[in-house]
Amino acid sequence: MSNNAVNLKKLKLHYQQALPNQMVTAVVVLDQQLAICYVNPAAEALLVKSLSKLYTLPIEQVFYNTPINNDRLQQLLTTGQEFSDSDVTIEFFDHRLITVEITASSVTFENLPHILLEFKQIDQQKQISAEAFQQQQWESARDLIRGLAHEIKNPLGGLRGAAQLLDLELNQEQKEYTAMIIEQADRLTNLVDRLLGPNQLPVMKLQNVHIVIEKVFQLIQYDNPKNIVLKRDYDPSIPDLIFDQDKLQQTVINIVNNAIQVLNAGNQITLKTRAASNKTINGKRIKLCAEISIIDNGPGIPDHIQSTLFYPMVSGRASGTGLGLSICQTLVHQHNGKLSCKSRPGYTKFTILLPFSREAS
Ligand SMILES: Nc1ncnc2c1ncn2[C@@H]1O[C@H](COP(=O)(O)OP(=O)(O)OP(=O)(O)O)[C@@H](O)[C@H]1O
Ligand SMILES: [Mg+2]
C-alpha cells in the first residue's frame, strides 16, 4: 500500500469516528497545506466527488469563487481564530452555485493542526420567498410614502405662490417672513420630490458598465477630503449591456456617498465588477448578469435597520432622510436588476445585479 493510501485510511478512520454518522452537515477537513484530507459523505454529495478523488486536492482548486480564501484559512491555522459566515454563495468551477452557512474551526490530528470546514446548505426556496416578502413590503412602504408626498406637494405650490404675492404687498421688514415661508416651502418641495422618487423614464442604451463605475471613481477621487483609500477591481471582459447611464451613476454614487459618510481616513472603498452566472432576480434564475459591488471596511450597517434598509425613510444618521437607498432600489428595479446588501462590522458590500437579457422582467 502506498504512503498516501495508508494516510488516507488513517484519516478516514479517525474522522469517521470523530464525526457523528449520518451527519447532514457537509464537513471538509484540510491539512496545513490547505489541501483536503477528509470529506464526510454529505460533503462528497455537495462537492459531487468522492473522498478518493478529493484527497490531497488544494481547497482553492475546489471552489472557483468563495469568501473562504487561503489568507483567512492560513490565519485560522496560525492564530486559531475561528470564523463563520452565514448566507455565503459558493461557486464551483462548473459554475454551480450554492448558498451555505460556513463555519471554520481548528482541530488536531496526530498533533498537527487541521481545519474543519462545515457547510450547511441554506434552502434556496426559503431565500427566494424571503426576498419576495421583502420586495412586497418595500413596494407597499414606497407606495404609501408616494401617496403622502403627492398630497403634500399640491398645496405646497399654492402656499409658495400666495407667499410670493403677499411679498409684493409688504414692507422690507415684513418681507423677512414671506422669505422664510418661501425658503421652507422650497425645502419641503425638495424633500417631497425625493419622496416621490425618480419620475423620468430610463434612457436605455447598449454600453459598458465601466463607463459609469470609472466616472464615479474619478468623482470621489477628486473630492476626497477624508482621504479614503479607493480601489478598483474590474473585470474588463464584461460585455456591454443595456442601461440608463445617469440612473446607474446616481445609484452607485448614493451607495458610495453613504459609505463615505461613515468611513474615516485610511478606510477603503472598493468598486468591483464581475460577470456572474446563475443568479436569482425576482424569483427567476438568470443565466448571466453584470455584478457591480461597492465594498467598504467601515463600521457596518446598524443592526436595527438591516432588515428594512431599503425602505423609504429608514436612516441610521441623525441628519439622514433615509431616501438614498430606496431611490437606488427603484432605479435598479427599472433595469430589472437586484440590489442587495451584506454587512457586518468591518465589511459592507452592496451588490447591483443587472441581467444581460430582459429575462428578469
Ligand atoms: N456603507 C455603509 N456603512 C454603514 N452604514 C451604511 C452604509 N450605507 C448605508 N448605511 C446606513 O443606511 C442608512 C440608510 O441609507 P440611505 O442612503 O437610504 O439614507 P440616508 O443616507 O440616511 O439619507 P439620504 O441618503 O436620504 O440623505 C444610512 O443612514 C446609514 O445608517
Ligand atoms: Mg444616503
Side-chain angles (χ1 to χ4, degrees), residues 67 85 87 134-135 137-146 148-149 152-153 186-199 212-213 216-217 219-221 223-233 246-273 291-334 337-353:
D85 283 351
D87 206 1
Q134 286 255 329
Q135 173 69 17
Q137 296 273 309
W138 172 76
E139 277 171 13
S140 359
R142 184 200 56 187
D143 292 348
L144 182 79
I145 299 266
R146 271 193 191 157
L148 203 65
I152 297 171
K153 191 168 173 156
D186 285 345
R187 201 179 69 84
L188 260 182
T189 309
N190 207 319
L191 173 68
V192 161
D193 281 341
R194 291 191 73 209
L195 285 172
L196 284 169
N199 60 356
V212 169
I213 312 300
V216 177
F217 186 87
L219 278 174
I220 33 179
Q221 197 177 34
D223 181 19
N224 182 10
K226 282 191 174 174
N227 276 328
I228 288 159
V229 180
L230 303 172
K231 293 200 165 166
R232 281 180 275 208
D233 179 2
D246 286 346
K247 288 182 191 285
L248 185 60
Q249 186 171 326
Q250 190 189 344
T251 305
V252 180
I253 286 183
N254 278 356
I255 296 171
V256 167
N257 276 344
N258 280 341
I260 292 176
Q261 274 152 2
V262 295
L263 296 185
N264 294 314
N267 273 136
Q268 73 182 41
I269 297 178
T270 307
L271 298 181
K272 180 173 166 183
T273 60
E291 182 178 286
I292 303 165
S293 312
I294 298 106
I295 305 159
D296 72 68
N297 62 353
I301 314 261
D303 275 349
H304 69 284
I305 61 166
Q306 287 229 6
S307 57
T308 50
L309 186 65
F310 295 104
Y311 290 15
M313 313 221 73
V314 169
S315 177
R317 298 188 294 122
S319 58
T321 50
L323 291 175
L325 288 176
S326 170
I327 292 171
C328 292
Q329 188 70 282
T330 306
L331 295 172
V332 173
H333 274 214
Q334 288 181 341
K338 176 163 136 182
L339 172 62
S340 58
C341 172
K342 273 185 192 167
S343 178
R344 56 172 193 269
Y347 182 86
T348 298
K349 177 176 175 184
F350 281 87
T351 306
I352 303 166
L353 286 179

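All residue numbers in this chain count up from 1 along the given sequence. What you see is a predicted model; the values in this text were computed from it and never measured. When a ligand or atom number is given, it counts from 1 through the structure's own listing order.
Closest to atom 22 (O) of ligand 1 among all protein heavy atoms lies S315 OG, 2.5 Å. The protein non-hydrogen atom at the shortest distance from atom 10 (N) of ligand 1 is I301 CD1, 3.6 Å. Nearest protein neighbour of atom 11 (C) of ligand 1, counting heavy atoms only, is I305 CD1, 4.0 Å. Nearest protein heavy-atom neighbour of atom 27 (O) of ligand 1: R317 NH2, 3.2 Å. The nearest heavy-atom contact from the protein to atom 24 (P) of ligand 1 is T321 OG1, 3.5 Å. Closest protein heavy atom to atom 17 (O) of ligand 1: N258 ND2, 2.8 Å. Summary of contacts: the protein heavy atom closest to atom 18 (O) of ligand 1 is L325 N, 2.9 Å.
Taking CD1 from I294 and CG from N254, the interatomic distance works out to 10.0 Å, rounded to the nearest 0.5 Å.
Here N258 meets the criterion, with an N, O or S atom under 2.8 Å of the Mg ion (ligand 2).
Close contacts of ligand 1 with L309, meaning ligand atoms under 4.0 Å from a residue heavy atom, involve 12 (O). Listed by atom number, the atoms of ligand 1 under 4.0 Å from D296 heavy atoms are 1 (N), 2 (C). Below 4.0 Å from some heavy atom of F350 lie the following atoms of ligand 1, by number and element: 8 (N). Every atom of ligand 1 with a heavy atom of G320 under 4.0 Å away is listed here by number and element: 22 (O), 23 (O). Below 4.0 Å from some heavy atom of V314 lie the following atoms of ligand 1, by number and element: 14 (C).
When all heavy atoms of M313 and L323 are compared, the closest pair comes out as N-CD2, 4.0 Å. Here the closest heavy-atom approach between residue N264 and residue I228 is recorded as O-CG1, 4.0 Å. Closest non-hydrogen pair, K226 versus L263, comes out as NZ-O, 3.0 Å. When all heavy atoms are compared, the tightest approach of G320 to S315 is CA-OG, 3.5 Å.
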Stepwise side-chain contact (heavy atoms from CB on, under 4.5 Å) test for T348 and V262: CA-CA 11 Å; T348 298; V262 295; over 6 Å; no
Checking salt bridge (charged side-chain N to carboxylate O under 4.0 Å, His left out) for the pair D296/K349: CA distance, chi angles, key distance, verdict? CA-CA 7 Å; D296 72 68; K349 177 176 175 184; over 6 Å; no
side-chain contact (heavy atoms from CB on, under 4.5 Å) between L325 and F350, intermediate numbers included: CA-CA 10 Å; L325 288 176; F350 281 87; 3.8 Å; yes
Test I255 against L339 for side-chain contact (heavy atoms from CB on, under 4.5 Å), laying out the working first. CA-CA 11 Å; I255 296 171; L339 172 62; 3.8 Å; yes
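Polar contact check, P302 against ligand 1: no nitrogen or oxygen pair lies under 3.5 Å apart. In terms of N/O distances under 3.5 Å, ligand 1 is approached by L323. For ligand 1, the polar-atom distance check finds an N/O of G316 within less than 3.5 Å of one of the ligand's N/O atoms. At least one N/O-N/O distance between G322 and ligand 1 falls below 3.5 Å. Annotation: T348 places no N or O atom under 3.5 Å from an N or O atom of ligand 1; distance criterion only. Distances between N or O atoms of S326 and those of ligand 1 include no value under 3.5 Å.
Considering each of G298, S343, G324, C341, the one bringing a non-hydrogen atom nearest atom 25 (O) of ligand 1 is G324.
Cation-pi geometry between R232 and F217 is satisfied (NZ or CZ under 6.0 Å from the ring centre, within 45° of the ring normal).
Looking at T321 and R194, their side chains do bring a donor and an acceptor atom within 3.5 Å of each other.
Using a 4.0 angstrom heavy-atom cutoff, V262 counts as in contact with ligand 1. Using a non-hydrogen distance threshold of 4.0 Å, G300 registers as a contact of ligand 1.
Tested against F310, the residues S326, C341, C328 include a single side chain to side chain contact (heavy atoms under 4.5 Å, CB included) partner, C341.
Contact of the H333 side chain with the Q135 side chain is registered, since non-hydrogen atoms from C-beta on lie closer than 4.5 Å.
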